[in-house]
Amino acid sequence: MSLHLDDSTPISRKARPMLVVSLVLVGIAALLHVYIFVLESLRWTEPATRKTFGTSELEAETTRGMAYNQGFYNLFLAIGTIVGIVFLITGSTGIGAALVFASAGSMLLASLVLITSDRTKARAAIVQGTTPLLGLIALVIALAV
């Protein structure tokens with residue numbers, strides 16, 4: 001199997017539906033990571049956010065700086081994915097695919113780190129990791145056709 005990553009060769013007509021599926025899925029993953037950024041960096045100490053993450057008021061205050069930093073990591077992954085989507089849509093296949101593989105791949109790997117570090121976070125890891133995984137699989141298929 002060889003992947004078509006040459007920017008001078010457009011995605012084949014046959015591969016376009018799978019590319020659309022991929023871009024929708026990784027786009028959803030990017031939006032989820034923007035939402036996580038908002039929770040972690042902007043709303044960390046608010047009661048609804050504390051309930052979502054299962055933290056007390058004291059824990060939220062104590063970890064505020066860490067959450068702020070972590071939220072920006074999520075935002076940067078989302079931005080990388082969105083920029084990759086734009087490059088793919090505009091025909092820069094190599095650049096776009098590289099950005100999507102790196103950014104959405106990091107989202108997927110972060111979900112694996114989450115579940116392996118704390119099994120009680122399995123639900124969150126599945127939510128964070130499923131759309132990037134499916135989007136990356138669809139992108140590999142689109143590039144292989």
Side-chain angles (χ1 to χ4, degrees), residues 1-7 10-11 15-145:
M1 172 174 81
S2 106
L3 300 181
H4 304 289
L5 295 175
D6 181 1
D7 281 336
I11 297 288
R16 286 184 190 154
M18 191 57 72
L19 180 64
V20 169
V21 168
S22 170
L23 299 183
V24 167
L25 288 168
V26 296
I28 290 169
L31 291 175
L32 174 63
H33 280 73
V34 169
Y35 175 67
I36 295 168
F37 156 75
V38 169
L39 291 178
E40 292 177 341
S41 295
L42 306 178
R43 302 175 51 92
W44 184 248
T45 58
E46 294 189 16
T49 303
R50 291 195 331 261
K51 182 178 178 188
T52 298
F53 286 91
T55 58
S56 68
E57 190 172 352
L58 178 60
E59 289 169 324
E61 279 302 325
T62 303
T63 59
R64 183 181 215 154
M66 181 205 63
Y68 182 79
N69 186 32
Q70 187 171 307
F72 274 91
Y73 276 91
N74 285 298
L75 179 63
F76 300 146
L77 292 175
I79 290 169
T81 301
I82 292 165
V83 171
I85 290 169
V86 170
F87 273 105
L88 282 163
I89 289 171
T90 59
S92 294
T93 308
I95 296 168
L99 284 167
V100 169
F101 281 127
S103 300
S106 293
M107 292 174 187
L108 174 60
L109 293 173
S111 73
L112 295 174
V113 169
L114 180 60
I115 197 167
T116 58
S117 67
D118 185 351
R119 298 267 185 221
T120 66
K121 306 285 189 224
R123 182 179 179 279
I126 290 167
V127 167
Q128 276 184 281
T130 300
T131 52
L133 172 63
L134 296 175
L136 291 171
I137 290 169
L139 183 56
V140 167
I141 294 168
L143 294 173
V145 172

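We're numbering straight along the sequence, starting at 1. Computed from a prediction, not measured in an experiment: that's the story for all the values here.
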Side chain proximity check, L23 to I89, heavy atoms < 4.5 angstrom: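 Yes. Closest side-chain heavy atoms under 4.5 Å.
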What is the distance from atom CD of Q128 to atom CG of L112, rounded to the nearest 0.5 Å?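 Going from CD on Q128 over to CG on L112, the span is 10.5 Å.
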Got V21 and I141 here, is their nearest side-chain heavy-atom distance under 4.5 Å?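 No, every pair of side-chain atoms sits at 4.5 Å or beyond.
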Give me the atom names and distance for the closest heavy-atom approach of A15 to V145.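 It is CB-CB, 3.8 Å.
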Please find the pair of heavy atoms, one from I82 and one from A30, that lie closest to each other, and give the distance.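 Shortest heavy-atom separation between I82 and A30 comes out as CG1-CB, 3.8 Å.
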Could you check whether any side-chain heavy atom of V140 comes within less than 4.5 Å of a side-chain heavy atom of F101, counting everything from C-beta outward?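 The answer is yes, as the side chains (C-beta and beyond) meet within the 4.5 Å cut-off.
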Between S117 and L114 (side chain of the first, backbone of the second, donor and acceptor by atom type, cut-off under 3.5 Å), is there such a pair?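 Such a contact is found between S117 side chain and L114 backbone.
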Taking all atoms of both residues into account, what is the closest heavy-atom pair of A29 and M107, and its distance?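 Scanning both residues completely, I find the closest heavy atoms to be CB-SD, 3.8 Å.
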Could you tell me the separation between the CZ atom of R123 and the OG1 atom of T120, rounded to the nearest 0.5 Å?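 Going from the CZ atom of R123 to the OG1 atom of T120 covers 12.5 Å.
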Over all atoms of both residues, closest heavy-atom pair of A125 and I115: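 Looks like CB-CB, 3.7 Å.
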Please answer whether the main-chain N or O of A102 pairs with a side-chain N or O of S106 as donor and acceptor at a distance below 3.5 Å.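 Yes; at least one donor-acceptor contact below 3.5 Å.
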Between atom OG1 of T55 and atom CD of E61, what is the distance when rounded to the nearest 0.5 Å?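 Those atoms lie 10.0 Å apart.
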Any non-hydrogen side-chain atom of L19 less than 4.5 Å from a side-chain atom of L143?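 No - every pair of side-chain heavy atoms lies 4.5 Å or more apart.
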Check salt bridge (Lys or Arg N to Asp or Glu O under 4.0 Å) between R16 and all other residues, then give those that pass, not counting sequence neighbours.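 None.
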If the test is side-chain contact (heavy atoms from CB on, under 4.5 Å), which one of T131, L75, N74, V38 qualifies with H33?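 So the option named by the test is N74.
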Once rounded to the nearest 0.5 Å, what's the spacing between atom CG of L134 and atom OG of S22?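 L134 atom CG to S22 atom OG measures 10.0 Å (nearest 0.5 Å).
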Where do L99 and G80 come nearest, in terms of heavy atoms and distance?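 Nearest heavy atoms, L99 then G80: CB-O, 3.7 Å.
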Of the options T81, V83, L77, which is the one that meets I79 in a side-chain contact (heavy atoms from CB on, under 4.5 Å)?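 Among T81, V83, L77, the one meeting side-chain contact (heavy atoms from CB on, under 4.5 Å) with I79 is V83.
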Ignoring hydrogens and angles, state whether a donor on the side chain of T63 or W44 is under 3.5 Å from an acceptor on the partner side chain.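 Their side chains do contain a donor-acceptor pair, which is all the 3.5 Å distance test asks for.
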S103 side chain to V100 main-chain N or O, any donor-acceptor pair under 3.5 Å?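 Not at all, since once roles are kept as given, no pair shorter than 3.5 Å links the two residues.
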Exceeds 12 heavy-atom contacts within 6.0 angstrom, atom OH of Y73: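 No, OH of Y73 has 12 or fewer neighbouring heavy atoms, counting only those of other groups under 6.0 Å.
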For A60 and R50, work out which heavy atoms get closest and say how close.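 That would be CB-CD, 3.5 Å.
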Distance, nearest 0.5 Å, that separates CZ of R43 from CZ of F37: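 The CZ atom of F37 is 12.5 Å from CZ of R43, to the nearest 0.5 Å.
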Nearest-0.5 Å distance that lies between atom OG1 in T49 and atom CG in L39: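 Answer rounded to 0.5 Å: 4.5 Å.
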